[in-house]
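Just below is one structure, and these are the notes that go with it.
Bear in mind the structure is a predicted one, so any value in this text is a computation, not a measurement. Note that these values count all heavy atoms, side chains included, but never hydrogens, waters or copies made by symmetry.
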Amino acid sequence: MHVCCGLIGHLELVQRRDLYGTPVVVGHWEDHVVAASDVAIEFGVAPGMPLRQAEHLCPQATFLPPDLEAATHLRELIASALYDLAPVVEVRSEGIAWLDLGGVPSISGSVREARRRLRAATGREPRLGLASGPFTARLAASQARAGRLLRIEDARGFLAPLPSRVLSLDEEQMERLDLLGLRTLGAVAAIGPRELESQLGRDGRRAVLLARGLEPDQLEPWRPPLFSSAHRQFEPPVEDREALLFVARALCGDLAEELGLRGAGAKQVRVRLLFETAEADARDSVVRHPLSSAAELFGLIGSWVKEWRPRAPITEMWIELPVLESAGRRQLRLWAGGDGTSEEVIAALERLQERHGDDVVRKPRLALLHSPLPARRFDWGA
């Protein structure tokens, strides 16, 4: 696929979950399908369709409400894994993600790395679709086999035979399309945008553009959260310091794994202990250099736990990272507006110097301003 100016390549990764081979459909009853297992999809169920329609197509399916906490965790996990592969990444709570590959030097390299990271982060093989826009990429991914990429060169030709229900319109609008005889995207594409807009409102115009592969929708970039935490409840409450150290080490490992996916480091660390019969106690520290590994986090937190003299049995332990560096992992060519302040750029360069020596970073000084040769305009001293 050729990525030209004005034609943006998008990658969508769709993850689904089977429940022992039975059809599973996730969604709110008065809303649309959020996700469906492979078995349910074989019966014609598709994310975005009304849940009542899914019940009609696959009445034997197990219908589950969305688990908002698990969905949020999945979204953060996927977004963190993909964040530095493209300038714009959008991830939805149902486990669908898009990467805007415009300007990426190697599309195939980004696709391979995205597949590897998602497999490592979720333990499942993603379905991948590559096309000229997010709508087409999503439908391509829904038809791809697990772990495979379906690449679409002709978006309109690919979309034409697909049923119009993939447009995710509401039930009344779908009935109107059916009455008009517009049962495929090819039929929708053949009608004028204004004509369908007169029938369905703005959604009608958007539906025609989508059916023609013109992609009117823009991605909503995901931004990494600047706070993270992990906690453990104790039942019964504990007083043993060795038990606290064991739990603290495990929590530091969990946080380090999350920081690794985000490419972030903790600038501030806080530990809180909640007691059975006393007020909570806390330790807090701002660190000079960001902490990102389990050893670095536990080195600080473990020293606090060893010195702590709890006033009562402990019911809960919290490790909080209130301040994270937001863009430390992105290469400079992928930084978007608002990603990095000058302080973050300097901090990233300082980390490079710590790991690889002072010579890896050079700060140019203005030399010959009007030189016709760019290389002579600056003095690249260390």
Side-chain angles (χ1 to χ4, degrees), residues 10 12 14 16 23-63 92 94-96 98 127-145 148-218:
H10 291 269
E12 188 207 20
V14 179
R16 296 189 180 87
V24 179
V25 179
V26 179
H28 292 292
W29 189 243
E30 297 299 331
D31 206 341
H32 293 81
V33 173
V34 173
S37 68
D38 289 337
V39 179
I41 288 174
E42 292 176 0
F43 286 88
V45 178
M49 71 166 42
L51 205 63
R52 294 186 184 277
Q53 184 182 358
E55 184 192 28
H56 176 74
L57 292 171
C58 189
Q60 70 273 35
T62 300
F63 289 84
R92 296 183 183 173
E94 60 264 37
I96 299 174
W98 290 271
R127 300 167 182 268
L128 302 96
L130 181 63
S132 58
F135 177 72
T136 307
R138 174 175 182 170
L139 295 176
S142 69
Q143 296 189 21
R145 289 186 293 169
R148 297 299 182 90
L149 169 72
L150 179 58
R151 192 168 187 164
I152 304 301
E153 302 287 354
D154 176 13
R156 186 163 181 170
F158 166 74
L159 296 171
L162 299 181
S164 55
R165 68 169 180 267
V166 299
L167 291 168
S168 301
L169 299 172
D170 62 36
E171 195 168 355
E172 182 179 346
Q173 291 171 326
M174 288 304 304
E175 291 177 358
R176 184 69 62 85
L177 285 184
D178 189 62
L179 290 173
L180 294 171
L182 305 177
R183 299 182 179 88
T184 66
L185 293 186
V188 175
I191 197 171
R194 291 185 179 179
E195 186 178 350
L196 197 57
E197 185 176 14
S198 67
Q199 296 287 332
L200 305 181
R202 291 183 179 179
D203 288 341
R205 179 180 181 82
R206 174 177 174 272
V208 174
L209 296 178
L210 289 175
R212 293 179 176 181
L214 298 180
E215 303 288 350
D217 300 332
Q218 301 295 318

Sub-4.5 Å side-chain heavy-atom contact between [X] and [Y]:
{"X": "R148", "Y": "R127", "result": "no"}
{"X": "D178", "Y": "R183", "result": "yes"}
{"X": "L182", "Y": "L196", "result": "yes"}

Distance (rounded to the nearest 0.5 Å) between [X] [atom1] and [Y] [atom2]:
{"X": "R165", "Y": "L57", "atom1": "CZ", "atom2": "CG", "value": "6.5 Å"}
{"X": "S142", "Y": "L162", "atom1": "OG", "atom2": "CG", "value": "7.5 Å"}
{"X": "R138", "Y": "I96", "atom1": "CZ", "atom2": "CD1", "value": "4.0 Å"}
{"X": "E171", "Y": "L51", "atom1": "CD", "atom2": "CG", "value": "10.5 Å"}
{"X": "F135", "Y": "L214", "atom1": "CZ", "atom2": "CG", "value": "11.5 Å"}

Quiz item: Quick one: do the E215 and T136 side chains pair a donor with an acceptor below 3.5 Å?
Solution: yes
So which atom in [X] and which in [Y] form the shortest heavy-atom distance, rounded to 0.1 Å?
{"X": "L210", "Y": "P216", "value": "CD2-CD, 3.5 Å"}
{"X": "A207", "Y": "V188", "value": "O-CG1, 3.8 Å"}
{"X": "L167", "Y": "R206", "value": "O-NH1, 4.4 Å"}
{"X": "S132", "Y": "G213", "value": "OG-O, 4.2 Å"}
{"X": "P23", "Y": "Q60", "value": "CG-CG, 4.0 Å"}
{"X": "V208", "Y": "G192", "value": "CG2-O, 4.2 Å"}

